[in-house]
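Contents: one structure, followed by commentary.
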Amino acid sequence: MMPAQVNNKYKFLKRILVCVGAGLALLFSAWSVPSAQKRGSVISLAGRWQFQMDSADKGIEEKWFLRPLTDTIHLPGSMIQNLKGDDISLKTKWTGSIYDSSWFYNPRLAKYRVPGNLKIPFWLTPPKHYTGAAWYKKK
């Protein structure tokens with residue numbers, strides 16, 4: 001196995017361990033809820049949250065959990081519903097799509113292929129695009 005493959009495998013395993021550790025921490029914190037709270041009560045997650053996209057996947061390494069995040073987001077709602085993500089372009093790599101290739105070369109549709117006036121008429125094409133880690137934080 002090449003050194004880069006070993007490094008990628010190590011990063012993947014490290015990420016799994018971090019996720020498992022976070023899940024266990026959440027589970028144990030649920031057990032430590034004060035007894036004054038009634039069994040079966042609900043804690044709403046709705047509202048304004050601190051938020052930050054982590055496209056470089058540096059949040060754990062840089063300990064973003066110890067500092068305020070740079071943006072906000074409203075829950076319930078997805079990143080797309082909150083218009084979070086990168087602006088789309090002709091080079092956006094969609095994860096799924098059905099499209100008519102004539103959009104790319106039809107002169108009548110050229111005005112919709114211009115940055116600033118980009119109109120993507122295809123299925124599963126939201127106004128923003130993002131794949132990667134994102135952080136949510138609330139007290």
Side-chain angles (χ1 to χ4, degrees):
M1 198 177 281
M2 303 299 290
Q5 291 173 315
V6 172
N7 192 27
N8 286 340
K9 197 176 254 187
Y10 170 75
K11 285 181 178 178
F12 178 73
L13 290 173
K14 181 180 174 187
R15 191 166 188 132
I16 288 174
L17 290 173
V18 167
C19 290
V20 169
L24 288 173
L26 184 61
L27 179 65
F28 288 122
S29 69
W31 283 341
S32 65
V33 173
S35 60
Q37 187 176 3
K38 296 179 183 175
R39 186 178 193 142
S41 64
V42 176
I43 299 174
S44 174
L45 299 178
R48 189 178 178 148
W49 286 66
Q50 290 181 37
F51 172 80
Q52 189 168 346
M53 294 183 300
D54 186 5
S55 58
D57 203 12
K58 297 275 188 183
I60 294 171
E61 179 183 323
E62 295 176 0
K63 299 182 174 148
W64 289 11
F65 48 86
L66 295 177
R67 64 170 177 80
L69 302 177
T70 60
D71 199 357
T72 60
I73 195 166
H74 190 270
L75 297 180
S78 67
M79 286 179 61
I80 290 173
Q81 289 171 316
N82 282 275
L83 296 176
K84 303 296 181 187
D86 301 316
D87 290 334
I88 60 173
S89 74
L90 293 175
K91 296 179 181 178
T92 298
K93 294 185 179 176
W94 301 104
T95 55
S97 169
I98 295 177
Y99 61 89
D100 174 359
S101 62
S102 68
W103 182 83
F104 292 96
Y105 62 82
N106 186 327
R108 197 170 42 101
L109 301 174
K111 64 184 175 185
Y112 301 118
R113 297 188 298 262
V114 177
N117 191 43
L118 196 63
K119 306 279 191 254
I120 307 279
F122 314 132
W123 182 58
L124 294 177
T125 51
K128 297 281 186 176
H129 178 266
Y130 183 76
T131 55
W135 289 75
Y136 296 77
K137 185 175 181 180
K138 185 173 183 81
K139 288 185 180 184

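Note on ring orientation: taking the six-membered ring where Trp is involved, the planes of W49 and Y136 are perpendicular (angle over 60°, cut-offs 30° and 60°).
Between Q81 atom CD and H74 atom NE2 the span is 11.0 Å, to the nearest 0.5 Å. In this structure, CD on Q50 lies 5.0 Å from CG on L69, to the nearest 0.5 angstrom. Distance OH/Y112 to CG/N117: 7.0 Å, rounded to 0.5 Å. Interatomic distance, NZ of K84 versus CG of D71, reported as 3.5 Å (0.5 Å rounding). Here the CD atom belonging to E62 is positioned 7.5 Å from the CG atom belonging to D54, to the nearest 0.5 angstrom.
Hydrophobic clustering, with ILVMFWY side chains joined whenever heavy atoms are under 4.5 angstrom apart, keeps M53 apart from W135. Hydrophobic clustering (side-chain heavy atoms under 4.5 Å, transitive across Ile, Leu, Val, Met, Phe, Trp, Tyr) groups Y130 together with L75. F104 and L109 fall within a single hydrophobic cluster, where Ile, Leu, Val, Met, Phe, Trp and Tyr are joined by side-chain heavy atoms under 4.5 Å apart, directly or via other members. Both W103 and I88 belong to a common hydrophobic cluster when Ile, Leu, Val, Met, Phe, Trp and Tyr are linked at side-chain heavy-atom distances under 4.5 angstrom. Under the 4.5 Å side-chain heavy-atom criterion for ILVMFWY residues, no single connected hydrophobic cluster contains both F65 and L45.
A heavy-atom distance below 4.5 Å is found between the side chains of M79 and F51.
For the residue pair R113 and N106, the shortest heavy atom distance occurs at NH1-O, 3.1 Å. Between N82 and G77 the shortest heavy-atom distance is ND2-C, 3.8 Å. Taking both residues in full, the closest heavy atoms of T92 and H129 are given as CG2-CG, 3.6 Å, listed atom of the first, atom of the second, then distance. Taking both residues in full, the closest heavy atoms of S78 and I73 are given as O-CD1, 4.3 Å, listed atom of the first, atom of the second, then distance.
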Original post:
Given K128 and D87, is the side chain to side chain contact (heavy atoms under 4.5 Å, CB included) satisfied, shown in steps?
Top reply: CA-CA 5 Å; K128 297 281 186 176; D87 290 334; 2.5 Å; yes
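Other residues, nucleotides and ligands place no more than 12 heavy atoms under 6.0 Å from the NZ atom of K58.
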